[in-house]
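Throughout, protein chains are lettered first and strands after them, A, B, ... in sequence-line order, and every chain is numbered starting at 1.
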Amino acid sequence: MELTRREALAGGAWGAATLLGAGLLAGGCGETRNPLRAPLPASLRLPKRESARIARALNRVGFGPSPGQIALVARMGLDAWLNAQLRADTEEDDNLRLRVSRLPVYNLPAGELLNYPQAAILAMLQQGAILRMVYSPNQLLERMVDFWTNHFNVYALKGRAAFRKGTDEVEVIRKNALGSFPAMLRASAKSPAMLVYLDNQANTGNGPNENYARELLELHTLGVDGGYTQKDVVEVARCLTGWTTERGFLRPVGKIKFDPDHHDDGEKFVLGHRIPAGGGPTDVDRVLDILVEHPSTARHLARKLCHHFLGEAGPALESRVARAYTESKGDIRQMLRPILHAPELVEGPPILKRPIDFLVSALRALDADTNAGREIQAYLDRMGQPLYQWPMPDGYPDQTAAWTGSLLARWNFAHALAYGAIPRTSVRLSQLASEFDAPRETALMALTLGMTPEDDQTLASRLSKLAYGSDGLKLGAALCLASPAFQWR
Amino acid sequence: MHKDWWSCDGRGVWGRSSREPARKGASEFADLSRRAVMASAMMGAVAWLAGRTSALAQVSVSETARKHERETLVVVFLRGGADGLNVVVPYREDAYHRMRPSLALKAPNDDRAAKNDRVLDLDGFFGLNPALEPIFDSYREGDILLLHAVGSQDQTRSHFEAMSAMERGLASADTGTASGWLARYLNASQRSGSSPMRAVAIGPVMPDSLRGALQAVAIGSVDEYALVGADREGWKAALRELYGSGDDPVSAAGRDTLRVLDALNRLDPANYRPENGAGYPTTPLGLAMRQIAMLAKADVGLETACCDMGGWDTHVAQGRSGGWLAGLLGDVGQSLAAFQTDMGPRMAQTTVVVMTEFGRRAYENQGLGTDHGRGSFMLVTGGGVKGGRVLADWPGLERHQLEAGDDLRVTTDYRAVLAEILRTRLGFADTPSVFPGFSNKNPVGLYA
């Protein structure tokens with residue numbers, strides 16, 4: 001029987017609690033091991049104006065604050081925390097690492113994963129992703145993993161892409177999410193999951209298939225207005241011919257290989273560059289070189305990143321981010337630096353949380369102990385964002401207008417979470433609330449929103465009218481999570 | 001119990017009649033392991049996702065005004081390959097009777113045949129399987145339009161491939177977009193302030209035709225769309241207050257959602273009584289059509305509804321006027337008739353399409369059933385439909401007229417029918433975005 005995270009750490013927690021009085025834990029350790037499982041600071045600070053800004057930053061850069069995190073970040077300073085997030089070098093706690101790293105989807109080759117039903121594979125992929133988003137101290141990294149997963153979208157239900165997606169996530173996305181965009185692009189182009197999803201394995205000299213070539217230009221690099229023509233798509237497709245997935249005896253091996261017989265080896269012209277004949281497997285590398293250096297790629301990525309983190313960003317900031325891409329040869333950290341330090345991060349208009357943002361921020365805010373298993377995933381599905389299951393190559397939309405239809409599912413999730421009605425997920429509301437030396441509405445709003453009652457008087461007034469006792473506390477927590485304010489980040 | 005289409009081994013052939021050549025359909029030698037994976041995935045999906053709902057919201061790709069604001073489109077998918085030749089029967093074709101000595105239904109005026117085995121005359125050439133008698137009057141009154149020799153370009157005769165092609169709005173299943181045709185239509189026809197229940201699928205799983213749809217919900221029944229804890233004092237009232245006044249998109253959406261919930265409460269699904277004496281059969285299809293009628297009447301902003309019915313893979317002992325196929329048709333007939341009656345004048349703003357992934361082979365097989373074929377029938381009813389006819393570019397059933405010597409050829413692309421409905425009834429002009437790669441040469445003439 002699996003231990004819940006709480007059970008596994010019960011031994012450690014009591015020991016740590018004795019150190020609390022000495023304030024050792026509270027003393028500016030930043031994001032150390034077990035940030036969520038650590039006992040709460042002796043008195044949770046109440047929010048001030050500064051807290052709302054920090055809560056906003058935590059929601060933008062990561063997936064929202066966990067109890068006590070706003071105070072911690074306030075002490076170390078927001079800039080210091082942002083820089084630490086960019087470094088992403090905090091160790092995940094052992095329990096999280098063990099839980100996720102032992103999932104077969106990340107360890108077994110696609111051929112062996114075929115022993116599992118596809119539904120189980122999908123469940124594992126989602127479980128790993130959600131657990132990391134909820135519990136990892138490297139929140140920016142997890143947000144970038146989610147961003148790039150959508151950017152290089154693979155629809156897990158196409159063919160056997162699901163069985164290949166775990167490898168793709170480790171080798172393509174996670175490895176490069178805060179690293180080098182060119183490296184990620186090259187890894188993606190050679191990823192069996194991508195090959196299968198966008199049909200590049202069906203792309204041969206005699207029967208070209210433009211699917212991957214088109215999405216490579218339109219979505220992954222230049223962008224739809226990036227200045228390429230249909231001819232370029234055709235020529236890029238020609239360069240990409242000849243790659244296929246390697247098969248063992250009846251089962252895929254999980255690698256790709258180049259088949260010269262199916263490659264179109266003639267001379268090609270891509271975006272004004274001449275690729276000489278006879279390039280063979282190096283044609284794809286030449287194309288990718290051209291694409292990563294194209295100015296439209298810098299602009300396209302800058303625009304997407306600014307949009308994701310800031311909503312609306314002016315052309316000046318987008319240019320700065322694009323320049324950072326060019327000057328650093330595609331270093332993602334360098335692109336993120338101006339975004340994270342832009343005033344719009346905490347001062348700009350709010351961005352609507354997508355279902356994944358909402359779900360994870362709710363679990364973090366209430367310090368939930370969850371296995372992120374099928375019960376949680378079913379809620380995510382009802383909200384409209386079952387991970388890895390968006391059929392189009394453009395990934396889940398990042399616009400406000402896309403996600404306003406999921407409210408009933410969000411309300412039902414908020415209610416179920418607060419009332420402990422989700423199997424294998426639990427919250428300890430009484431303990432959390434009692435850590436605040438304040439009325440209940442103040443405590444709940446501080447916990448979930450980083451706000452004071454003055455910030456949202458309608459909500460505060462409603463909360464104060466709820467019955468006393470544990471039921472009122474649950475209803476109050478549910479209401480905060482279901483409130484309009486909690487839907488924005 | 002008959003095996004349903006998902007456990008069909010896909011070979012498409014059950015024994016052979018002496019006249020049939022050995023046929024190498026693509027499905028016979030298709031990748032067995034892939035089929036096994038997909039079959040288990042389907043079973044796994046159905047079991048795992050039971051009761052799942054999915055509310056996807058929408059991106060404004062391009063706003064195309066819908067001329068007919070309150071039109072509802074209902075798509076009924078018969079899964080397993082419905083035998084069009086025994087539904088809309090070409091009773092005048094000698095070949096039909098020759099190729100189906102046991103299964104062929106008889107001409108309306110065939111005195112030597114039992115009365116039950118005679119078709120109901122549709123237009124002097126085609127006749128209706130008598131099991132569909134419940135909708136025969138509606139046909140004669142001009143409300144129901146039948147089409148024949150309709151299908152896709154998918155040659156595999158595989159359930160999975162053919163369904164996948166049709167639900168994605170493609171010619172065939174090989175490659176192409178993974179999103180559903182209805183999803184593309186819904187996303188492209190988004191209006192601001194539209195309902196969280198624009199599209200509803202009645203069933204445990206979101207159908208592929210709605211995959212990628214923002215604002216689609218899959219529910220087994222209407223009462224699944226409910227606010228948990230609504231009976232808890234203060235919960236609903238608190239939500240109403242919090243979402244009551246903001247003018248941002250989220251507050252507006254909250255009010256829309258509460259309005260839908262209120263409308264469904266007023267509907268009182270548990271005590272719903274169909275109007276005008278309509279009697280739905282207590283079959284899954286009957287219950288699904290009943291849910292759809294409820295939603296259409298509740299004014300929750302429903303624009304598209306999907307449901308499906310399995311069991312059409314009649315490889316063995318298909319029956320003639322009685323038996324397997326007749327039982328299925330009786331269900332369809334009664335459910336459709338009940339729906340029309342229940343909707344009453346609302347049918348004028350509704351369109352129902354009944355379709356299937358392929359038809360069945362012209363020859364009966366040794367098991368007195370039929371194997372996978374190509375062209376089949378389609379049914380369209382609703383506002384503006386010029387019914388009382390059978391539309392078909394009839395290719396004939398002589399050996400040289402059949403596809404691969406076995407199957408009714410497809411002479412009308414299914415997309416032509418769907419595109420015409422979108423354009424004419426739903427006022428949606430951008431059908432190329434819904435059916436990429438398809439250009440409509442000649443109008444089908446559903447409404448002319």
Handout entry: Residue A:Y419 versus chain B: region with a heavy atom under 4.5 Å
Key = side chain
Handout entry: Pairs where residues 241-250 of chain B contributes a residue and the test side-chain hydrogen bond (donor to acceptor under 3.5 Å, both in side chains) is met, not counting sequence neighbours
Key = A:W411-B:Y243, A:R462-B:E241, B:D248-B:S251
Handout entry: Donor-acceptor contact present, side-chain A:N412 to main-chain B:L227, <3.5 Å
Key = no
Problem - pair A:W390-B:R211: side-chain heavy atoms closer than 4.5 Å - result: no
Practice task
Determine the option with the most heavy-atom pairs under 4.5 angstrom with chain A, choosing from B:G246, B:A238, B:G254, B:G244.
Solution key: B:A238
Exercise for the section: Look up atom CE in A:M392 and atom CZ in B:R184, then write down how far apart they are to the nearest 0.5 Å. Expected result: 8.5 Å
Practice task
Please report the shortest heavy-atom distance between B:L239 and A:A482, naming the atom on each side.
Solution key: CD2-CB, 3.8 Å
Exercise for the section: Against chain A, work out which of B:T177, B:V250, B:L258, B:T257 has the most heavy-atom pairs shorter than 4.5 Å and name it. Expected result: B:V250
Exercise for the section: Select one option (side chain, backbone, both, neither) describing which atoms of A:L479 are under 4.5 Å from chain B's heavy atoms. Expected result: both
Handout entry: Residues of residues 260-269 of chain B within contact distance of chain A, non-hydrogen under 4.5 Å
Key = B:L261
Problem - Max heavy-atom pair count under 4.5 Å with chain B, selected residue of A:L475, A:D199, A:D456, A:L408 - result: A:L408
Practice task
Let me know if A:L198 has heavy atoms under 4.5 Å from chain B in its side chain, its backbone, both or neither.
Solution key: neither
Problem - Residue A:A120 versus chain B: region with a heavy atom under 4.5 Å - result: neither
Handout entry: Contact winner vs chain A - B:A230, B:A252, B:A178, B:G180, heavy-atom pairs under 4.5 Å
Key = B:A178
